[in-house]
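Remarks on the structure that follows.
To find a chain, count down the sequence lines: A is the first, B the second, and so on, and within it residues start at 1.
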Amino acid sequence: MEGFDVANLFVSIGQVWTGFLVNLGLSSQWIAFVNKLVAALLLTALPVTIVVFTIMGERKIIGRFQDRLGPNRVGPYGFLQTVPDVVKLLTKEIITPTNVDKVMYNVAPALSVIAVILIWAVMPIAPSMIGVDLDIGVVYFLAVSSLATLAILLAGWSSNNKYALIAAFRTVSQLVSYEVPLVLSLLVPVMLASSLSMNDIVQAQSRGWFVILAPISMLIFFISGTAEVGRSPFDLLEADSEIVAGFNIEYSGMRFAMFFLGEWIHAFTFCALTATLYFGGWRGPFVDQVPALGALYFFAKMFILYLIHIWIRATMPRFRIDQMLAFSWKFLVPLALVNVAVMALATKLLAPPDLSASFWATLPRWGGFLGVNLIMAVGTFVAVREVARQARRKEEEVSGRFGSAAVVQE
Amino acid sequence: MVPLSWYLMVSAALFCLGIFGVLARRNAVAILMGTELMLNAANINLVAFWRHLRPDVMSGQVFTLMVFVVAAAEAAVGLALCIAIYSSRGTVVVEDMDLLKG
Amino acid sequence: MREALFNLTWLIPLFPLLAFALIILWTHPSRKWSTWVAWIGIGLAWLLGWTMFFLSWGDIHHLTPPEGNHPVPLWALPTGGSVLKIGFQIDTLTALMLFMVPFVCLMIFVYSKGYMGYGTEHPDPRYSRFFAYISLFACGMLGLVVSDNLLTLFIFWEIMGLCSYLLIGFWYDKSYPDPNRITPRQAGLKAFLTTRVGDVIMLIGLLLLYSQVGSLSFKDVFSQETLHMLAEQELWMPIFGTAPVATVIAILIFGGAVGKSAQFPLHVWLPDAMEGPTPVSALIHAATMVSAGVYLVARCFPLFMAVPLDHGGVQLAVVAFIGAFTALAASTIALAQNDVKRVLAYSTISQLGYMIAALGIGAYVAAVFHLITHAFFKALLFLGSGSVIHGVEHGHHKIAHGHHDHEEGHFDPNDMMNMGGLMNKMPRTAWTFIIGGGALAGIVPLAGFWSKDEILAHAWHEFQHTQHFGTFWPLFVWLLLTVAAALTAFYTARQICLTFLGEPRTEAARHAHESPPSMTWPLMILAFFAVILGLFGTPWANQYHELVGEAFAATPFDPFVAGLSTVLAVGGAVCGWLVYGRAPLRAGQVDPLKRWLGPVHGVLENKYYVDELYRLIVIRPVLRLAELCAKFDYDWVINRLVNTIGQLSIRTAERLGGLDLAVVDGTVNLVGRAARGLSTLSNTVDLKGVDGAVNGIGHVVKAGGRQMRTLQSGWVQDYLLLAVTMAIILLGFMLLVLPILR
Amino acid sequence: MGISHVLFILFSVLILGGGVMVVTRRNLVQAAGALILTLFGVAGLYVLLEAGFLAAVQILIYIGAIAILIIFAVMLTRRLADEQEPGLNSQWAWALGTAVMALAILVIVIQGTWPLAGGVVGNAPPLTGDSTSRLGVALLSPEQYAFPFEVASVLLLSAMLGAIVIAREKRH
């Protein structure tokens with residue numbers, strides 16, 4: 001117990017736990033095995049635990065946004081509302097419609113949760129606190145999150161329901177479309193850190209967060225992440241006014257809850273990823289002295305980003321499907337392509353960060369990157385304005401020619 | 001370490017499954033799946049040879065990546081063809097397509 | 001600084017290429033933007049080109065080939081076993097070409113704006129496309145000039161071939177009432193196919209070179225060791241016997257030059273290529289593309305020099321002979337042409353013959369000198385003729401609009417017989433044209449005189465001082481070229497007189513007017529250069545020699561030759577004036593030359609019937625062969641074949657059966673009835689056995705054919721199954737059975 | 001027999017079982033699902049072969065893109081009647097014979113060079129350095145595979161354009 005160090009909280013807890021196992025008389029192989037098992041369990045439990053709080057928090061906050069109280073019956077200020085909800089979902093009858101493809105119907109909800117939880121395996125939560133520091137962490141996360149697409153497709157198809165199938169088609173086209181700008185914007189932090197490992201990317205941000213070096217890339221990532229998660233304004237996968245409910249229309253009870261769970265975990269997981277890739281992850285003041293603080297910073301950043309998420313959700317109306325696809329292919333993808341090219345050039349031209357250099361010596365580099373991003377932003381703005389003007393001109397031409405008819409139609 | 005021959009055997013079996021799929025399935029999309037199996041079998045071989053014989057030269061992995069590219073291109077074009085054929089003939093059953101009959 | 005600038009060499013062809021891409025992809029809807037993009041592209045190339053030229057003038061010793069050139073390696077492609085290096089280079093020859101090519105191109109680009117009718121009511125419908133094509137064309141020529149290896153040279157060479165096809169056939173929808181007259185579409189095809197013959201020969205040469213040397217970069221190929229090695233090695237060929245490899249390669253590469261530079265016997269495309277718009281004629285067929293052939297020979301000159309004549313190196317003699325022959329023959333044809341551009345076309349062929357012949361007798365500097373001066377004054381002449389045509393066409397439009405009567409079914413603005421008296425209507429065009437004509441004719445002191453004189457002097461000098469006395473070819477070349485010089489002066493005078501002097505012979509010529517400034521300014525600038533360029537190459541202070549010919553001995557000034565050529569040029573011109581200028585032709589009057597030469601004139605007018613000969617011995621057999629192949633393909637497909645064989649077999653079987661019957665019976669009858677039993681038996685055997693067998697074969701074949709038909713089920717999987725099964729059986733045989741057998 | 005052998009057998013079962021289902025299932029969506037199992041197994045083999053990047057890319061490209069594309073195509077070209085029709089064509093017995101023959105030849109050849117009885121422990125040279133970064137260097141250095149890499153990108157682009165052109169609905 002003499003080595004217990006509050007600064008290295010998690011390491012210390014690990015030591016205590018290992019000591020406990022040694023006392024039980026286990027061999028070192030078994031200890032490693034048990035440790036891995038426990039770590040996996042904890043990593044699985046972590047997002048599932050967080051989601052309980054985020055659901056509650058989101059409902060409260062959205063309530064405030066919409067000028068109402070939100071849940072306020074169970075517990076103090078309604079803070080325990082989630083508990084009866086979960087109980088209700090667990091105890092509901094599980095209905096399996098006839099003529100469904102049994103295997104896929106049952107696999108799909110689980111897959112949708114697994115795909116999201118697997119991402120947490122490479123998430124650096126605090127210094128030296130990461131499930132597994134894969135040297136291809138970023139590619140791993142991309143690969144794993146592509147499974148969520150599969151889950152949705154399988155669910156939609158196996159339900160043997162037209163609406164579910166159509167919803168699945170729409171969803172998949174949305175997810176596939178937004179995966180392109182997502183991956184392209186992701187290349188920028190990878191280039192800046194010159195590593196695919198999540199841990200290395202966090203380490204590389206010791207001299208400043210990547211959001212300062214590459215704000216446009218961060219915006220693209222955040223927007224397409226929102227679309228990947230399928231939250232407002234991209235929540236077309238459950239556009240109840242158009243396709244009844246979405247790909248999960250035939251699911252009930254716990255199976256439905258799994259989709260629900262997967263989506264919510266996915267939402268804040270993306271916030272966590274944004275925090276890791278662009279906002280320095282667990283980096284913050286005094287982390288080098290007190291590593292345990294890292295987890296605090298990490299979760300704080302994640303929740304702040306999630307707050308923005310909720311804010312957007314409460315404010316923005318839903319996209320129409322063609323608008324949504326056009327936004328990805330005609331705006332985000334070209335911008336992301338230009339962004340990658342320009343940032344690659346900038347990374348090549350502006351000297352790589354010298355960790356020993358003083359803060360002031362690194363300023364020109366930051367300034368250069370910021371300037372480049374500013375130029376891109378202005379260019380984008382000008383281009384979009386020009387396109388919009390042309391579209392308006394064309395529209396005026398048309399309405400000038402068919403002016404009365406258009407008015408009548410409206 | 002698993003010996004090289006195991007990988008080769010699995011890959012050979014997968015390849016022959018692919019051959020069978022390509023030759024015996026009626027549906028064009030299923031035939032495409034068969035080709036994917038064959039490509040994967042080749043990939044297993046490439047990576048296994050890379051790891052067991054020459055891990056210092058990256059040719060094996062590079063070739064695998066090239067096969068990925070080719071597979072993606074092949075899937076895109078092949079499936080586009082399937083859809084085009086379906087929209088013009090109403091079927092993707094290969095046996096129904098015999099315009100070249102002698 | 002200098003090094004850094006030389007490293008930018010690769011940008012020179014890039015600018016026109018970018019212009020091409022920009023126009024094709026984006027700016028083509030706007031004529032204004034397309035014009036500017038093309039101008040800026042070639043203008044930048046011109047600025048860079050002249051920078052390189054003047055830099056290298058100050059750096060001659062650093063850049064003199066073959067050892068000293070400035071390479072700009074760009075890219076190394078791993079290709080199988082070897083690495084393909086692609087790059088650019090600057091040496092003195094390249095620098096000189098960079099002086100000429102982009103500038104002349106720029107002039108032509110500026111001129112094209114007016115010629116293609118920018119800003120008028122009837123601009124060319126494919127105006128922007130025209131600028132895109134000529135930009136790509138300029139890219140091809142510039143890239144060819146700055147290439148540092150024969151492979152990229154060949155690639156750019158082919159880009160030019162493509163562009164010439166596109167540009168000659170630019171007015172592809174044009175057709176003429178006269179079915180014998182070649183249309184632009186056919187002319188483009190003809191140019192493409194004819195040069196293709198030369199290109200294939202050249203490609204074979206390149207392959208042979210690569211197989212021997214293992215590299216195509218100039219630096220490797222023209223190094224002393226390589227040349228020595230190539231000269232030593234012998235190559236055996238079926239008909240020609242053994243020859244040094246260098247000779248074979250040189251002659252094969254020269255084949256490419258023959259095609260591109262329109263030398264006999266592949267010259268037929270160039271006159272017909274005049275069907276394209278006139279700036280294209282100037283661009284392709286005077287200043288740049290045909291120069292490419294000469295440039296190629298000049299570039300490969302070390303290879304041509306590698307084997308002397310007494311070691312079996314006939315390549316230079318071949319070059320000299322073909323060049324001289326072409327020079328003379330083309331200039332005689334030019335005498336009898338009436339199309340203003342066609343005269344120039346044949347004169348181009350003739351002048352290119354001059355250069356080739358000069359290279360053939362070793363007058364490297366003189367050839368390059370003539371290449372440069374000729375490019376300027378021939379571009380000037382072509383553009384001038386374009387201006388004339390433009391003016392006459394406008395005159396024609398004016399009267400056609402006024403009267404609305406098309407008395408002649410088709411008016412040909414190119415025909416000199418329709419012109420006359422244009423001197424007063426288009427003074428700027430006329431004077432610049434006369435300057436260009438003087439330069440072409442070799443009048444002192446215009447550019448053409450100095451360069452032509454140097455070639456003739458070199459030939460004479462070579463004849464007098466040649467090492468291996470007894471070879472007559474320098475004298476032969478000299479004679480041919482001297483005669484050609486006199487003829488050149490004559491037909492130039494004829495052309496000027498017919499076009500500009502006398503009275504207008506048609507209404508159209510009467511209403512012609514001067515072309516817009518964007519057309520006349522290039523003319524004047526080019527005329528300026530046609531005057532002064534020769535002064536840099538006088539025998540007393542030959543800058544060209546200093547620039548490109550360090551390695552060669554200077555040609556001494558020879559008053560006899562200079563005097564003779566001056567007398568011949570002036571005499572030819574005076575003759576021309578006496579015939580056509582003193583008493584100008586009136587409308588409808590017959591060309592006096594036709595009277596005097598009689599049937600010879602007909603031969604000349606029909607270009608020695610070379611086209612007809614080609615039609616007879618090449619085109620028609622090829623067409624026949626193609627028809628035969630088509631027939632075979634259509635009629636003799638497998639079903640038909642099988643059925644026919646089956647039927648044939650049945651019929652044969654019947655015949656044979658009958659024959660057997662008759663023969664056997666007859667024999668039996670002749671021998672006697674004693675053997676009747678035996679013969680009956682024999683008969684039976686024959687009927688059943690032989691007949692049956694023969695019939696059976698027929699049946700089997702027929703049935704087999706029917707069976708084979710079902711093989712062609714149209715199911716892709718059926719074919720696949722067969723192919724895969726066979727492949728696997730073969731594989732098994734090779735992997736499993738063959739080792740055992742072995 | 002170590003953990004890697006167990007995993008190998010697991011993945012092989014996944015691969016071959018999936019493969020058999022791919023070629024025999026009448027329901028094409030189920031066949032596609034089986035294809036995904038196979039692809040997973042192959043990714044697992046990559047992990048065993050210490051080619052982690054390839055494994056991730058296999059999942060990303062094959063499962064995330066190609067398999068989904070295939071399922072899309074199945075759904076877009078489906079007729080309800082297809083479910084009752086046989087999945088195999090009339091010559092499937094021949095095809096089976098050919099495939100078995102091929103397998104026999106391959107097994108004999110492999111057995112001749114790398115015998116299965118050579119032991120359960122394979123000896124591969126040790127892996128030096130980070131193979132992912134070495135792969136990246138190999139792909140982008142001009143003297144190695146930069147040119148094939150560029151050609152591959154051109155191939156992808158042209159395939160994409162071709163697919164769009166082919167599958168686009170003709171507008172009148």
Side-chain angles (χ1 to χ4, degrees), chain B residues 1-10 12-21 23-27 29-30 32-34 36-37 40 43-44 47-48 50-52 55-56 58 61-62 64-66 68-77 79-84 86-87 91-92 94-95, chain D residues 4-5 8 12 15-16 19-20 22-23 28 31 35 38 42 45-46 48-51 54 57 61 65-66 69-70 73-74 76-77 87-89 92 95-96 98-99 102-103 106-107 110 114-116 118-119 121-122 124-125 127 134-135 138-139 145 148 152 155-156 159-160 162-163 166-167:
Chain B
M1 203 73 200
V2 182
L4 176 60
S5 52
W6 291 26
Y7 289 103
L8 299 185
M9 289 296 175
V10 170
L14 187 62
F15 189 80
C16 295
L17 279 173
I19 289 183
F20 177 73
L23 292 179
R25 292 303 297 249
R26 291 178 76 234
N27 192 301
V29 182
L32 273 174
M33 292 190 217
E36 298 297 344
L37 291 187
N40 267 285
N43 273 355
I44 295 177
V47 181
W50 165 76
R51 181 67 193 91
H52 280 88
D56 50 328
M58 297 311 286
Q61 290 212 28
V62 171
T64 314
L65 277 181
M66 294 295 152
F68 282 164
V69 170
V70 171
E74 174 240 335
V77 175
L79 296 173
L81 279 174
C82 288
I83 289 169
Y86 183 75
S87 64
T91 174
V92 282
V94 178
E95 278 178 333
Chain D
S4 61
H5 293 81
F8 177 86
S12 303
I15 289 174
L16 296 181
V20 170
V22 168
V23 297
L28 282 178
L35 179 67
T38 304
V42 174
L45 287 195
Y46 291 162
L48 282 186
L49 285 164
E50 294 169 64
L54 285 185
V57 172
I61 292 182
I66 295 179
L69 205 61
I70 286 177
V74 171
L76 288 175
T77 61
L88 298 178
N89 61 17
W92 68 270
L96 188 63
T98 301
L103 183 61
L106 285 177
V107 166
I110 294 169
W114 294 279
L116 262 184
V121 180
L127 205 55
R134 271 168 56 215
L135 179 63
L139 273 179
Y145 297 98
L155 172 76
L156 267 184
M160 192 172 81
I166 293 169

Looking only at heavy atoms, what is the nearest atom pair of [X] and [Y], with distance?
X      : Y      : value
D/A159 : B/A73  : CB-CB, 3.5 Å
D/A138 : B/M58  : CB-CB, 3.9 Å
B/M9   : D/I110 : CE-CG2, 3.8 Å
B/A13  : D/L16  : CB-CD2, 3.8 Å
B/A76  : D/A163 : O-CB, 3.7 Å

Quick check for you: among [options], which has the greatest number of heavy-atom pairs under 4.5 Å with chain B?
options                     : answer
D/T98, D/I61, D/V57         : D/V57
D/A31, D/G19, D/P125, D/A73 : D/P125
D/L155, D/L88, D/L106       : D/L88

Specify which of [options] makes the most heavy-atom pairs with chain D at under 4.5 Å.
options                    : answer
B/E36, B/H52, B/R26        : B/R26
B/G21, B/A80, B/A24, B/C82 : B/A24
B/I83, B/L23, B/T64, B/L81 : B/L23
B/V29, B/L79, B/L4         : B/L79
B/G34, B/A30, B/A71, B/G18 : B/A71
B/D56, B/V62, B/V10        : B/V62

Enter the distance from [X]:[atom1] to [Y]:[atom2] here, rounded to the nearest 0.5 Å.
X      : Y     : atom1 : atom2 : value
D/L49  : B/Q61 : CG    : CD    : 9.5 Å
D/L156 : B/F68 : CG    : CZ    : 12.5 Å
D/L45  : B/Y7  : CG    : OH    : 6.0 Å
D/L76  : B/S87 : CG    : OG    : 10.5 Å
D/L96  : B/I19 : CG    : CD1   : 11.5 Å
D/I70  : B/L32 : CD1   : CG    : 6.5 Å

Can you find a pair of side-chain heavy atoms, one from [X] and one from [Y], that are under 4.5 Å apart?
X     : Y     : answer
B/M33 : D/L28 : yes
B/N43 : D/L54 : no
B/N40 : D/I15 : no
D/I66 : B/E74 : no

Subject >> Under 3.5 Å donor-acceptor, B/R51 side chain and D/Y46 backbone >> reply: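 No, because the side chain of B/R51 does not come within donor-acceptor range (under 3.5 Å) of the backbone of D/Y46.
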Could you go through D/T38 and B/L14, starting from their C-alpha distance and side-chain angles, then the distance that decides it, and tell me whether this counts as side chain to side chain contact (heavy atoms under 4.5 Å, CB included)?
CA-CA 9 Å; D/T38 304; B/L14 187 62; 3.9 Å; yes
request  = Please lay out, stage by stage, how B/M66 and D/L139 fare under the test side chain to side chain contact (heavy atoms under 4.5 Å, CB included).
outcome  = CA-CA 10 Å; B/M66 294 295 152; D/L139 273 179; 4.1 Å; yes
- Task: List the steps and the verdict of side chain to side chain contact (heavy atoms under 4.5 Å, CB included) for D/L135 and B/L65.
- Result: CA-CA 10 Å; D/L135 179 63; B/L65 277 181; 3.8 Å; yes
| task | Measure distances from B/V70 to the heavy atoms of chain D and classify the residue's part below 4.5 Å as side chain, backbone, both or neither. | result |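 Contact with chain D is through both the backbone and side chain of B/V70.
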### Task
Measure distances from B/V47 to the heavy atoms of chain D and classify the residue's part below 4.5 Å as side chain, backbone, both or neither.
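Both parts, heavy atoms under 4.5 Å.
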Is chain B contacted by the side chain of D/A152, its backbone, both, or neither, given a heavy-atom distance below 4.5 Å?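 The answer is both parts of D/A152.
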Practice task
Would you sort out whether D/V22 and B/L17 count as a side chain to side chain contact (heavy atoms under 4.5 Å, CB included), showing the intermediate values?
Solution key: CA-CA 9 Å; D/V22 168; B/L17 279 173; over 6 Å; no
Over 60° means perpendicular and under 30° means parallel, so tell me whether D/W92 and B/F20 are parallel, tilted or perpendicular.
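Aromatic pair D/W92/B/F20 classed perpendicular.
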